[in-house]
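To start, the structure itself, in structure tokens.
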Amino acid sequence: MTSAPAPLRRIAVHAAGSRVDLVVPAGDALDHALAVAGVRLGPGDRVFGPGGTTVEPGTQAAELREGGLYAIASARAAIDEDRRRRGARSGVRLLPWGVVAGALAAAVIAVASDSAMQRNAAALIVGVAAFVLALGVAASPGAARVAAEANRAEPGENEAGPQIFPALLLGAIAGVLAAPRGADGIRGPLWDAMLACSLGFAGIALIAVLLSALARARVVRAGAATAALIATVAAILAAACPLIGWGAREFFIVAAGASVLMIRALPALLVNVDEGYSIDYGRYMALRWTVRGRVPRYIERVDGDEVLDMVAVTESRLRTATVMFAVLAVPGMALAVEPLSTGNLVERIGAGVFVCFATTALLLVSRRTVAPMLKRPQRVAALAGVLGAAVMFAVAPGVPVQWLLPAAGVLLFAGVAVGAGSVALQRGARSLGWSRTGDIVEAFAVAMVLPAGLLAAGAIDVLRGVLS
């Protein structure tokens, strides 16, 4: 009597850039079949199944999916690729930041000299340096190479965006130096200060527009265009503040509140994906798109390079906007404590609530991303803002001395609580209840930070003056 043949399982294996079709007896182990086919698993190698889940090498063939594709991820290849990426990005770009340090030194000397001629000369020199640095970034083949490398990088490792920051900083310094002040001012200290702020943002916008027009790398152009938009809006608002009697303190407080709100809204504003990539035509043709009167473009196939390029461009925009808004939030948080000693009761309450909500919102909003370079600016801004507020509170002339010790105790307690929470998180502690609580607190803080900033800036007095 002839015995029945053993059942077989047909699978496909993708390893080392090639595909192998295998017919495996159901009783054989996966690693044995791979070894027979010439694919030997080394230490740390992993096998991924059709659904992206990890498959144990000792799995019986009968448990494998018929016709499934199984990919071999080599640990050595991954380590070599990671070293290659890090090696390509490991060079510290000292020249741009060295130029920025020299420009800062020249700016300090020019401002300290109180000479309009020296300030104008320093503004011209720094402005030329900003243009040269921007042209170098725009025309550099290294920028395009780093941008191409960003398409293969992990989320948050895109290094093409930060190349524009030294040039933008030089543009801001040149704009501030070019502003008249003192005897050369236009209409007093208030207008001079706001004109300097407006020209600083205009310098950033000018350099950003130059980069967005001339840069060879698309990620650099995307980040520069985002910076140009933000700086242009800030320059216009800074120039309009003296019309309602607001100075630099009020402007930066309101700008800090708006920045926290914008950081929370950035993913919804800047992450734009063609609806054809994620649309379920069978469902939405009847439920949604026919009501809107338009049907998204049909995507026949998903091109990996196109998607990676889209991710790199979006990440560059997010990073540039996050860094700029985080930097803009720091001086506002530090200057918001001034009404605690000089303002009325409403401004004092608004200032205290604003600093607390701004710090809380920056820390909690940073949980919503896994990219380190999108988390760090918000957390650094929260730390710098709290430190600046503490220093301003300590040196404020109208603050009672007996308030300093309780304030120091509150800061110490908050620091210990944050440190304890960080240690627990690093050890893997997670809590769904605390996460939901954090979401509620974050939503409340983000919603209230801008109204509190308006109160701290004296918006009620402005409205009272307008209505009267």
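FYI, side chains are in, hydrogens and waters are out, and symmetry mates aren't considered; it's all heavy atoms of this structure.
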### Shortest non-hydrogen separation from Ala167 to Ala130 and the atoms involved
O-CB, 4.0 Å

### Query
Is there a donor-acceptor contact under 3.5 Å from the side chain of Ser198 to the main chain of Met194?
no

### Message
Do Tyr70 and Arg65 have side chains that approach each other closer than 4.5 Å (heavy atoms only, starting at C-beta)?
### Response
yes

### Task
To the nearest 0.5 angstrom, please state how far the OG atom of Ser259 sits from the CD1 atom of Ile230.
8.5 Å

### Query
Taking C-beta and beyond as the side chain, do Pro166 and Leu133 meet within less than 4.5 Å on heavy atoms?
yes

### Query
Can you check whether Met373's main-chain N or O pairs, donor with acceptor, with Arg376's side chain at less than 3.5 Å?
no

### Query
Is it true that a side-chain atom of Thr359 and a backbone atom of Val355 form a donor plus acceptor pair closer than 3.5 Å?
yes

### Query
How long is the span from the CG atom in Leu210 to the CG atom in Leu168, to the nearest 0.5 Å?
10.5 Å

### Atom CZ of Arg367 with >12 non-hydrogen neighbours under 6.0 angstrom
yes

### Task
With rounding to the nearest 0.5 Å, note down the distance linking CG in Leu169 to CD1 in Ile204.
7.5 Å

### Task
For Thr54 and Val47, run side chain to side chain contact (heavy atoms under 4.5 Å, CB included): C-alpha distance rounded to whole Å, both residues' side-chain angles, the deciding distance at 0.1 Å, then the answer.
CA-CA 6 Å; Thr54 304; Val47 182; over 6 Å; no

#### Entry: Distance-minimising heavy-atom pair for Val220 and Ile164
CG1-CG2, 3.6 Å

### Task
Evaluate the criterion side chain to side chain contact (heavy atoms under 4.5 Å, CB included) for residue pair Glu442 and Val365; output intermediate values, then yes/no.
CA-CA 7 Å; Glu442 173 202 326; Val365 169; 3.7 Å; yes

#### Entry: From CA spacing to verdict: side chain to side chain contact (heavy atoms under 4.5 Å, CB included), Val254, Trp246
CA-CA 11 Å; Val254 177; Trp246 276 7; 3.6 Å; yes

### Query
In terms of side-chain geometry, is the basic nitrogen of Glu63 or Arg9 positioned less than 4.0 Å from the acidic oxygen of its partner?
no

### Check: Thr314 side chain, Val311 main-chain N or O, donor-acceptor pair, under 3.5 Å
no

### Query
Does some side-chain heavy atom of Pro451 sit less than 4.5 Å from a side-chain heavy atom of Phe354?
no

#### Entry: Min side-chain heavy-atom separation Ile349-Leu345 under 4.5 Å
yes

### Query
Got a second to check how far Leu387's CG is from Met392's CE, nearest 0.5 Å?
13.5 Å

### Summary
In terms of heavy-atom contacts, Val209 and Ala228 come closest through CG2-CB, 3.8 Å

### Message
Does any part of the side chain of Val137, heavy atoms only, come nearer than 4.5 Å to the side chain of Phe165, both counted from C-beta?
### Response
no

### Message
Which heavy atom of Pro377 sits nearest to which heavy atom of Thr322, and what is that distance?
### Response
CB-CG2, 4.1 Å

### Message
Does any part of the side chain of Leu199, heavy atoms only, come nearer than 4.5 Å to the side chain of Val176, both counted from C-beta?
### Response
no

### Task
Please check if the side chain of Glu250 supplies one atom and the backbone of Gly247 the other of a donor-acceptor pair under 3.5 Å.
yes

### Task
Check whether any side-chain heavy atom of Val260 lies under 4.5 Å from a side-chain heavy atom of Phe357, and answer yes or no.
no

#### Entry: Asp309 and Arg218, any side-chain heavy atoms less than 4.5 Å apart
yes

### Task
Indicate the atoms forming the closest heavy-atom contact of Val55 with Phe48, along with that distance.
CG2-C, 4.4 Å

### Message
Evaluate Ile11 against Leu30 for side chain to side chain contact (heavy atoms under 4.5 Å, CB included), listing each step before the verdict.
### Response
CA-CA 10 Å; Ile11 62 172; Leu30 176 60; 4.0 Å; yes

### Task
To the nearest 0.5 Å, tell me how far Leu328 CG sits from Met333 CE.
12.5 Å

### Query
Which atoms form the tightest heavy-atom contact between Ala225 and Ser212, and what is the distance?
N-CB, 3.9 Å

### Task
Verify, without hydrogens or angle tests, whether Gln378 (side chain) and Ser366 (backbone) share a donor-acceptor contact under 3.5 angstrom.
yes

### Distance (rounded to the nearest 0.5 Å) between Glu347 CD and Ile460 CD1
8.5 Å

### Test salt bridge (Lys or Arg N to Asp or Glu O under 4.0 Å) applied to Arg221 - qualifying residues, sequence neighbours left out
none

### Task
May I ask you to decide if Val219's main-chain N or O and Ser316's side chain share a donor-acceptor pair within less than 3.5 Å?
yes

### Task
For Phe251, enumerate each residue passing the ring pair (Phe, Tyr, Trp, His ring centres under 6.0 Å) test, keeping only those at least two apart in sequence or located in another chain.
none

### Query
Do Thr226 and Arg317 have a side chain donor and acceptor closer than 3.5 Å?
no

